[in-house]
Amino acid sequence: AQRLGRYRCERVLFKNKDANGDLLEGETVLSQSIQESKKYPASGTHTVDDLIDDIMELHEKGMPETIFPKDSSFGDLKNIFSVMRGHLCVATGIPSHGKSNFVEWYVMNLMKDYDLKASFFSPEHHPMALHQTTFIEKFYGKNFFIDNPGLPRVSKEEIQRYKRWANEKLYITSPDKGEFPTWGWLLEKFKEQMFIYGVDIFVIDAFNKLEFDKSTDGELSKIKRVLTQLTMFAQMNNIIIFLVAHPTKMQKNEADIYVK
C-alpha cells in the first residue's frame with residue numbers, strides 16, 4: 001500500500017492469523033475474509049462514525065468548557081471573551097495601550113486559576129531578569145523597585161515565594177548562542193517545551209519579532225502560512241497560543257484623536 005498508494009489497495013482482516021490459517025479451516029472461510037476486505041481510510045478524512053463518541057459527549061455535556069480568569073478585576077469580561085484549548089488568540093489594538101501587559105496579566109491568572117504552565121517569547125522585554133520583575137509585580141500587585149504610600153515594594157521573601165511558584169510554571173523563550181529566531185525555530189522550541197515541561201499556553205509578543213522561513217512567496221502569503229501553522233499547532237497539540245500583533249503606528253488628527 002505504501003508503494004502502490006493506499007487509495008488503490010484494500011485491507012483483508014483474516015479470521016485466523018493469516019491466509020494459510022483461514023485456508024486450513026476451509027476455502028469458504030478464506031473467501032469470506034477476502035470478500036469482507038475494506039478500503040484503507042483516506043488520511044485527513046473523518047466519518048461520523050469516527051467522531052460519534054465526541055458527538056455524544058457534546059450532546060450529554062453541552063458546549064466544550066472554556067476558561068477565563070476568575071479574579072474580580074476582570075469584571076464581566078468572561079461573558080464576552082474566554083479561551084479554550086486548541087485555539088489561537090490574537091491580541092491587537094492601538095500601539096502603546098497595554099496589549100502586552102494585558103495578555104501577561106490574563107495568562108498569569110489562567111495559570112493560577114487552572115494550574116497551567118506558560119511560555120513567553122517576548123524579545124522586546126530584555127534583559128530576561130527585568131522581564132521577570134514585571135511578572136512579579138503582576139503576581140503581587142506591588143511595585144518591584146519603589147515603595148508606594150501604604151504599599152511597600154516587593155520584598156526579598158516575596159521574590160523567593162514567587163520563585164517557588166513560577167520555577168516550573170512560567171518559562172521565557174529566547175535564542176541561545178546566536179540563534180536567529182524564525183517561525184520554524186520558535187515552533188520547534190514550543191514543541192520541546194511542550195514535551196519536556198508540559199507547557200499549556202504559549203505567548204508570542206510580537207508577530208513582527210520573528211523572521212519568516214525562507215520562501216519565494218510574497219509577504220501576505222507568508223503571513224497567511226504562519227497563521228495557519230500556529231492554528232494547526234494549537235489544534236494538534238491541544239494547547240493555547242496568544243499572539244500579540246502590533247499594527248502600524250496610528251496617526252492622530254489636530255484634535256489628538258486617532259484616525260482610521
Side-chain angles (χ1 to χ4, degrees), residues 1-19 21-22 25 29-70 74 76-91 103 106-119 168-169 171 183-184 186-204 224-243:
Q2 187 67 30
R3 293 186 177 183
L4 296 176
R6 292 166 66 93
Y7 66 93
R8 293 192 179 97
C9 303
E10 296 187 12
R11 186 178 182 185
V12 177
L13 300 176
F14 298 107
K15 179 181 177 181
N16 297 281
K17 181 180 179 182
D18 52 26
D22 278 15
E25 194 173 329
V29 175
L30 177 59
S31 177
Q32 184 68 25
S33 295
I34 294 173
Q35 290 175 15
E36 294 177 354
S37 65
K38 298 182 182 297
K39 291 281 188 182
Y40 276 95
S43 61
T45 305
H46 307 275
T47 65
V48 174
D49 193 48
D50 297 329
L51 305 171
I52 192 62
D53 290 342
D54 293 334
I55 293 172
M56 296 307 296
E57 184 174 353
L58 287 171
H59 184 265
E60 293 174 11
K61 299 182 179 179
M63 290 290 289
E65 180 185 6
T66 61
I67 60 176
F68 49 84
K70 299 177 181 178
F74 288 91
D76 293 329
L77 179 62
K78 64 182 180 182
N79 296 330
I80 58 174
F81 177 73
S82 57
V83 297
M84 63 185 295
R85 287 180 177 272
H87 280 204
L88 166 66
C89 303
V90 179
V103 169
Y106 194 94
V107 170
M108 287 188 72
N109 275 268
L110 293 180
M111 294 166 64
K112 176 175 65 72
D113 294 339
Y114 299 93
D115 193 25
L116 302 177
K117 299 181 180 183
S119 175
E168 294 185 0
K169 293 179 71 69
Y171 302 89
W183 285 102
L186 184 64
L187 289 178
E188 191 61 33
K189 293 302 173 187
F190 283 174
K191 192 181 300 181
E192 291 177 10
Q193 293 170 355
M194 188 178 58
F195 286 108
I196 296 173
Y197 305 116
V199 174
D200 306 283
I201 303 173
F202 296 95
V203 177
I204 305 169
K224 289 179 179 178
R225 182 182 297 110
V226 166
L227 293 176
T228 300
Q229 287 176 324
L230 293 175
T231 301
M232 295 302 297
F233 187 89
Q235 292 176 355
M236 291 175 63
N237 297 295
N238 199 33
I239 51 90
I240 302 168
I241 298 177
F242 283 87
L243 173 64

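The structure presented is a predicted model; accordingly, all values stated were derived computationally and were not measured.
For OH of Y197, the number of neighbouring non-hydrogen atoms (other residues, nucleotides, ligands) closer than 6.0 Å is 12 at most. Heavy-atom contacts from other residues, nucleotides or ligands closer than 6.0 Å to CG of D76 number 12 or fewer. Around atom NZ of K39, more than 12 heavy atoms belonging to other residues, nucleotides or ligands sit under 6.0 Å away.
When all heavy atoms of M194 and I239 are compared, the closest pair comes out as SD-CG2, 4.1 Å. Of all heavy-atom pairs spanning M84 and E65, the tightest one is CB-O, 3.9 Å. Scanning both residues, V199 and K117, for their nearest heavy atoms gives CG1-O, 3.7 Å. In terms of heavy-atom proximity, D113 sits nearest to K70 at OD2-N, 2.8 Å.
Here the side chains of E36 and V12 are not in contact, with every heavy-atom distance at 4.5 Å or above.
The only member of N238, D200, T66 that meets side chain to side chain donor-acceptor pair (under 3.5 Å) when paired with R85 is D200.
Note that the CE atom of M236 and the CD atom of Q229 stand 11.5 Å from one another [nearest 0.5 Å]. Summarising the geometry, atom CD1 belonging to I196 is positioned 9.0 Å from atom NZ belonging to K189; distances are rounded to the nearest 0.5 Å. To the nearest 0.5 Å, the span separating CG on D54 from NE2 on H46 amounts to 11.0 Å. With rounding to the nearest 0.5 angstrom, the CD1 atom of I241 is 5.0 Å from the CG atom of L230. Here OG of S82 is found 9.5 Å from NE2 of H87. Values are rounded to the nearest 0.5 Å. From N16, atom CG reaches atom CG of L30 across 10.0 Å, with rounding to the nearest 0.5 Å.
Under the 3.5 Å distance criterion, with hydrogens and angles disregarded, no donor-acceptor pair is assigned to the side chains of T231 and Q235.
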Report the C-alpha separation of F202 and F242 in whole Å, then their side-chain angles, then the decisive distance to 0.1 Å, and conclude whether the ring pair (Phe, Tyr, Trp, His ring centres under 6.0 Å) test is met. CA-CA 6 Å; F202 296 95; F242 283 87; over 10 Å; no

Would you please test K38 and E10 for salt bridge (charged side-chain N to carboxylate O under 4.0 Å, His left out) and show each step? CA-CA 5 Å; K38 298 182 182 297; E10 296 187 12; over 6 Å; no

Run the numbers on I67 and L116 for side chain to side chain contact (heavy atoms under 4.5 Å, CB included), then give the verdict. CA-CA 11 Å; I67 60 176; L116 302 177; 3.9 Å; yes

For V83 and L110, what are the C-alpha separation, side-chain angles and deciding distance, and is it a side chain to side chain contact (heavy atoms under 4.5 Å, CB included)? CA-CA 10 Å; V83 297; L110 293 180; 3.9 Å; yes

Step by step, work out the side chain to side chain contact (heavy atoms under 4.5 Å, CB included) result for M111 and V107. CA-CA 6 Å; M111 294 166 64; V107 170; 4.1 Å; yes

Would you sort out whether L227 and K224 count as a side chain to side chain contact (heavy atoms under 4.5 Å, CB included), showing the intermediate values? CA-CA 5 Å; L227 293 176; K224 289 179 179 178; 5.9 Å; no

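At least one donor-acceptor pair closer than 3.5 Å links the side chain of S33 to the backbone N or O of V29.
Ring pair F190/F195: centre-to-centre distance not below 6.0 Å. For F68 and Y106, the ring centers sit 6.0 Å or farther from each other.
Between K17 and D22, no side-chain nitrogen of the basic residue sits less than 4.0 Å from a carboxylate oxygen of the acidic one, so the salt-bridge criterion is not met.
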